[in-house]
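The basis for the numbers below is simple: all heavy atoms, side chains too, and nothing from hydrogens, waters or symmetry mates.
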Amino acid sequence: MKPSSSLRKTRNIGIIAHIDAGKTTVTERILYYTGRIHRTGEVHDGSATMDWMDQERERGITITAAATTCFWDDHRINIIDTPGHVDFTAEVERSLRVLDGGVVVFDAVAGVQPQSETVWRQASRYRVPRICFVNKMDRRGANLQRTIEMIRDRLGANPILIQLPVGSESDLAGVVDLVKMEMITFAPDADGSRTFGPVPSDQMDLALAARAHMIEALADVDDSIANAYLDDEEIAAETLTSAIRRATLSNSAVPVFVGAALRNKGIEAVLDGVIAYLPSPTDVPPVEGFDTKTDEAITRPAYDDAPLAALAFKIVSDPFSGRLAYFRVYSGSISPGDHVLNSTRNGRERIGRLLRMHADKREQVTGTVHAGEIAVAVGLKNTFTGDTLCSRDHPILLESISFPTPVAERAIEPKGRSDEEKMSEALARLGDEDPTFQVSSDPETGQTLIAGMGELHLEVIIDRLRRDFGVHASVGAPQVAYRGTVARVAESEGKFIRQTGGRGQYGHVKLRIEPSERGSGNSFTRKIVGGAIPNEYLGAVEIGVNNALASGPHGYPMTDVAVTLLDGSYHEVDSSDIAFQMAGSIAAREAFLKAASLVLEPVMLLEAVAPEQYMGEIVANLASKNANINSAETDGAEVVVKVIVPLANMFGYAGELRSLTQGRGTFTMEFSHYQKVAASKLESELATSFGS
């Protein structure tokens, strides 16, 4: 078995960055220069190809990851343009799970921003090789050196500059390619096409110094370059290119490109870099998984004639085509009409039509989707995000995708009877699409609750309910997804005994409950000895404990609680699953009271950016929300304020910040951790919100 030649000329990449760094603009220019589109659209006027949703065009932001395919230098490039807003981080997470490489875009003025750090961590977790593009070099205040230092200091990366800008800000005229030592001049018109020539004499000294610095940095991570450097040999461009590629693929360095996407400057070099430095599917290790029959670890190479292994990473409810499942083929191939195994759910699926996507436009696939490719299947009824599709004769289970826990919640109810069924169906379909959107029912009030990653996330969901599904619903004020935990160790006993003349019910358990490390979640450990409780009832005890944890003493889920089953007893005739479920639940609830249960609230890391003259108003406003000010730094003409603040105090902040700064301020907010709720808030807000 061996990989196909076309696979070596395939690149699966993502465009990732902080919001407003220019990801979608970069993608738009890539599509233009590769001939995929013949006229560039702009984010600010709602005409960008990849921002196809109405909500994206109206807000000027990317909400959902959009896929497309283009060709450059006889190579196929499959691209996913990802969102930059933290509320839609799930789109980045699942995209990076199936991509081989990434182009990380940075704003040359702002440098490394909060979401830049988040997406960088996500890419590092999946060991995705990256190249960097420092965008907006034509803007006033652009500072390449500062951005590179931030990449090194904040991201812990090893950036290697391979282009030296010529001119600055509005006078950006071109770059010197430090690998080939040639001048690339940008056309002064809007086309931005490039021409090649010798390095100007007035730039030669700077270019030679920058090239020497590049070679020194490469020598630190590549032995062949180190040997040539120590021997004072002249290093050819081809040798440098190979070394940069090796360093990139091993994640020991990241090459840095520069330009200005909005002015069509530097994009062709990024495309060259994607081909030269980022991996093909054959350059990454074979995908790892488990044999579902033996639980043994196995791998699948990226060969067409290997057994099928594919991962569904995104589900979309399409009003015209039905349910669309985006998937990445790691090994083997898929054709229309194939029968495959969903090893995650142990069910069979039939592949209907296959599509390739260009944003929201579809292209029918009549042949085969090969190893290393990304495509879309129509009609997979029981396949969800993170599921493995594989050969029925050679089953494998791939690592799924983990997503963050929702932190914001709202109550929703249909306005009329005609909307009840439609709303239920629409919420289920939206939940299929977005793993960070969850729907639940409050058992006490009967309300339907929707939970998401933030205020904007839920706003978009509600807007889609109305536009895409025609559901008219009333929405309550935002609520916070509070959690409970315990403060100390406690032991308790639970008995469920009923005798009614015939066969009764008997279940008896002893538990220990204790706090575990914050963020570790709940755990259940069995330490039964001597058969005090038969094995057949141990699962029922765990179910009962989990039921108690799901509601907690205050009416919301418990977290970071370690439960240990210590002892118990049973009756040969009267014991049953339901009796031990009830006993487990009773024991857990009693233990909550003994262990001094606490209420936790989500705390957010917020960064607000605005012109310097508004610093006082911003800081005072955040202080009134019980925010802990981490820093307030002036960056040129702007101030950057970083705080830790309870989510409950931040609903509506977008409007407040706009009012304080005359519309000139922006902010980003991401989940940081859970902390104990202040006693005063517990008595007032929680009592009002939850009736506890």
Side-chain angles (χ1 to χ4, degrees), residues 1-10 12 67 69 76 78 94-100 126-127 279-316 321-357 364-402 432 435:
M1 295 188 292
K2 63 178 183 178
S4 64
S5 58
S6 62
L7 194 57
R8 294 190 183 94
K9 292 189 173 183
T10 297
N12 296 314
T69 300
R76 172 194 291 271
N78 299 316
R94 58 181 164 196
S95 298
L96 287 172
R97 171 66 178 82
V98 298
L99 292 171
D100 299 322
Y126 293 115
R127 300 184 296 277
S280 73
T282 63
D283 294 317
V284 297
V287 68
E288 298 178 353
F290 290 91
D291 187 316
T292 57
K293 297 178 180 177
T294 65
D295 282 338
E296 293 181 0
I298 52 177
T299 59
R300 290 278 190 267
Y303 303 154
D304 282 351
D305 49 0
L308 173 67
L311 186 74
F313 65 94
K314 181 180 171 75
I315 303 296
V316 173
S321 301
R323 204 165 180 271
L324 307 180
Y326 288 67
F327 63 91
R328 158 75 186 266
V329 179
Y330 286 97
S331 68
S333 59
I334 290 183
S335 300
D338 284 355
H339 290 269
V340 300
L341 172 68
N342 182 327
S343 59
T344 306
R345 303 180 188 278
N346 195 28
R348 295 185 178 185
E349 291 273 30
R350 181 183 180 276
I351 303 296
R353 290 186 297 137
L354 291 175
L355 308 172
R356 284 195 176 90
M357 303 299 291
Q364 187 89 11
V365 177
T366 55
T368 299
V369 176
H370 300 279
E373 295 187 352
I374 294 173
V376 174
V378 180
L380 300 185
K381 297 180 180 178
N382 298 307
T383 295
F384 300 87
T385 299
D387 286 2
T388 300
L389 302 174
C390 63
S391 164
R392 290 182 290 173
D393 297 328
H394 300 87
I396 186 174
L397 182 63
L398 304 179
E399 179 188 356
S400 190
I401 311 172
S402 59
D432 280 355

Once rounded to the nearest 0.5 Å, what's the spacing between atom CG of Leu96 and atom CZ of Arg127? 13.0 Å

Heavy-atom pair with the smallest gap, counting every atom of Pro281 and Asp100: CG-OD2, 3.6 Å

Look only at the side chain of Thr292 and the backbone of Leu397, and say whether a donor-acceptor pair between them is shorter than 3.5 Å. no

Do Thr10 and Ser280 meet the criterion of a side-chain donor-acceptor pair at a distance under 3.5 Å? no

Are Arg94 and Phe384 in a cation-pi setup, meaning NZ or CZ lies under 6.0 angstrom from the ring centre and within 45 degrees of the ring axis? no

Donor-acceptor under 3.5 Å (Asn382 side chain, Glu349 main chain): no

Sequence neighbours excluded, every pair satisfying salt bridge (charged side-chain N to carboxylate O under 4.0 Å, His left out) that has a member inside residues 372-395: Arg345-Asp387, Arg356-Glu373

Ile374 vs Leu99, test: side chain to side chain contact (heavy atoms under 4.5 Å, CB included). Steps then yes/no. CA-CA 9 Å; Ile374 294 173; Leu99 292 171; 4.1 Å; yes

Measure the CG-OG1 distance between Leu341 and Thr388 for me, rounded to the nearest 0.5 Å. 9.5 Å

Distance, nearest 0.5 Å, that separates OG1 of Thr368 from CG of Leu354: 8.5 Å

Distance, nearest 0.5 Å, that separates CD1 of Ile315 from OH of Tyr326: 10.0 Å

Heavy atoms, side chains only, cut-off 4.5 Å: are Arg97 and Arg328 in contact? no

Would you say Asn342 and Leu380 make side-chain contact, with heavy atoms under 4.5 Å? no

Looking only at non-hydrogen atoms, find the nearest pair between Ala306 and Ser331 and report the distance. CB-CB, 4.1 Å

The reported gap from CD1 in Ile351 to CG in Asp338 (rounded to nearest 0.5 angstrom) is 7.0 Å

Donor-acceptor contact present, side-chain Asn78 to main-chain Thr69, <3.5 Å: no

Looking at every heavy atom in both Ala310 and Ile334, which two are closest together, and how far apart are they? CB-CD1, 4.4 Å

With heavy-atom distances below 4.5 Å as the criterion, would you say the side chains of Val378 and Leu355 are in contact? yes

Close side-chain approach of Cys390 and Arg300, heavy atoms under 4.5 Å: no

With a cut-off of 6.0 Å (strictly less than), are more than 12 heavy atoms of other residues, nucleotides or ligands near CD of Gln364? yes

Counting only heavy atoms from other residues, nucleotides and ligands, does the tally under 6.0 Å from CZ of Phe290 exceed 12? no

From CD1 (Ile396) to CG (Asp291), nearest 0.5 Å: 8.0 Å

Is the closest side-chain heavy-atom distance between Phe327 and Val98 below 4.5 Å? no

Using a 3.5 Å distance criterion without hydrogens, assess whether the side chain of Ser400 forms a donor-acceptor pair with backbone atoms of Gly386. yes

Would you call His370 and Val329 a side-chain contact if the rule is heavy atoms closer than 4.5 Å? no

Contact summary for Pro336 and Gly367, nearest pair of heavy atoms: CD-O, 3.2 Å

Working note: Ile401 + Tyr126, criterion side chain to side chain contact (heavy atoms under 4.5 Å, CB included); need CA distance, chi angles, decisive distance, verdict. CA-CA 11 Å; Ile401 311 172; Tyr126 293 115; 3.9 Å; yes

